[in-house]
Amino acid sequence: MGGNAPTEEQAAERLTHHLLREAYRDLAAVLLSADAKAAGSLFYAIEKRTADALRTIVADKSEGAASTRIARAAGGELNALFEAAHGRTGIPASRRVA
């Protein structure tokens with residue numbers, strides 16, 4: 001096997017993230033169709049909690065010297081998910097960190 005081949009752990013992590021993204025999108029769609037106002041409140045709370053967690057990672061440097069880059073990368077991916085799943089632009093977590 002080549003040195004660039006993903007490990008089983010990396011492959012499992014990728015699959016887990018994919019399945020969770022799909023499940024989140026499906027759940028958001030159901031919530032929006034059932035009660036858009038309640039869904040909006042819930043989505044706001046999720047986005048705020050995410051942004052707060054990412055800011056804490058940066059402030060505490062809990063991921064070491066790369067904390068800001070890691071938080072921004074994660075924030076960018078989560079923001080894209082939230083925008084797609086929530087059908088609107090939420091708190092741009094990737095831009096509110098640091």
Side-chain angles (χ1 to χ4, degrees):
M1 279 173 77
N4 293 334
T7 64
E8 286 182 22
E9 183 177 333
Q10 290 168 325
E13 188 173 297
R14 243 186 3 262
L15 177 59
T16 300
H17 287 142
H18 171 76
L19 293 172
L20 284 172
R21 277 191 304 271
E22 293 302 309
Y24 187 87
R25 286 184 185 128
D26 291 345
L27 179 60
V30 170
L31 287 172
L32 280 168
S33 67
D35 187 339
K37 186 175 179 183
S41 294
L42 179 61
F43 296 159
Y44 177 81
I46 291 169
E47 293 168 11
K48 184 177 182 329
R49 184 181 298 168
T50 300
D52 290 346
L54 293 172
R55 280 193 296 275
T56 298
I57 288 168
V58 172
D60 294 350
K61 297 201 182 308
S62 58
E63 296 296 327
S67 291
T68 299
R69 286 190 308 278
I70 291 167
R72 284 188 174 161
E77 287 186 40
L78 289 167
N79 192 54
L81 172 63
F82 293 158
E83 286 180 355
H86 301 173
R88 61 175 170 73
T89 302
I91 296 172
S94 62
R95 287 176 239 127
R96 297 193 38 113
V97 176

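We count residues from 1, following the sequence as given.
- Note: Arg21 CZ to Leu78 CG = 9.5 Å, rounded to the nearest 0.5 Å.
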task = Show your reasoning for whether side chain to side chain contact (heavy atoms under 4.5 Å, CB included) applies to Leu31 and Leu42.
result = CA-CA 9 Å; Leu31 287 172; Leu42 179 61; 3.7 Å; yes
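- Classification of Asp52 and Arg55 as a salt-bridged pair holds, one side-chain N sitting under 4.0 Å from a carboxylate O.
- Residue Arg25 places its CZ atom among more than 12 non-hydrogen atoms of other residues, nucleotides or ligands, all under 6.0 Å distant.
- Taking all atoms of both residues into account, the shortest heavy-atom contact from Ala85 to Ala28 is O-CB, 3.5 Å.
- Taken to the nearest 0.5 Å, the CD atom of Glu9 stands 10.5 Å off from the OG1 atom of Thr16.
- How far CD of Glu47 is from CG of Asn79: 7.5 Å, rounded to the nearest 0.5 Å.
- Checking Thr56, Thr50, Val58 one by one against Leu54, the side chain to side chain contact (heavy atoms under 4.5 Å, CB included) holds for a single residue, Thr50.
- Side-chain contact of His86 with Tyr24: a donor-acceptor pair under 3.5 Å is present, judged by distance alone.
- Linking Ile, Leu, Val, Met, Phe, Trp and Tyr whenever their side-chain heavy atoms come within less than 4.5 Å leaves Ile46 and Leu20 in two separate clusters.
- Closest non-hydrogen pair, Ser62 versus Ser67, comes out as N-OG, 3.5 Å.
- Not one N or O on the side chain of His18 forms a donor-acceptor pair closer than 3.5 Å with the backbone of Arg14.
- Under the 4.5 Å side-chain heavy-atom criterion for Ile, Leu, Val, Met, Phe, Trp and Tyr, Leu81 and Leu32 are members of the same hydrophobic cluster.
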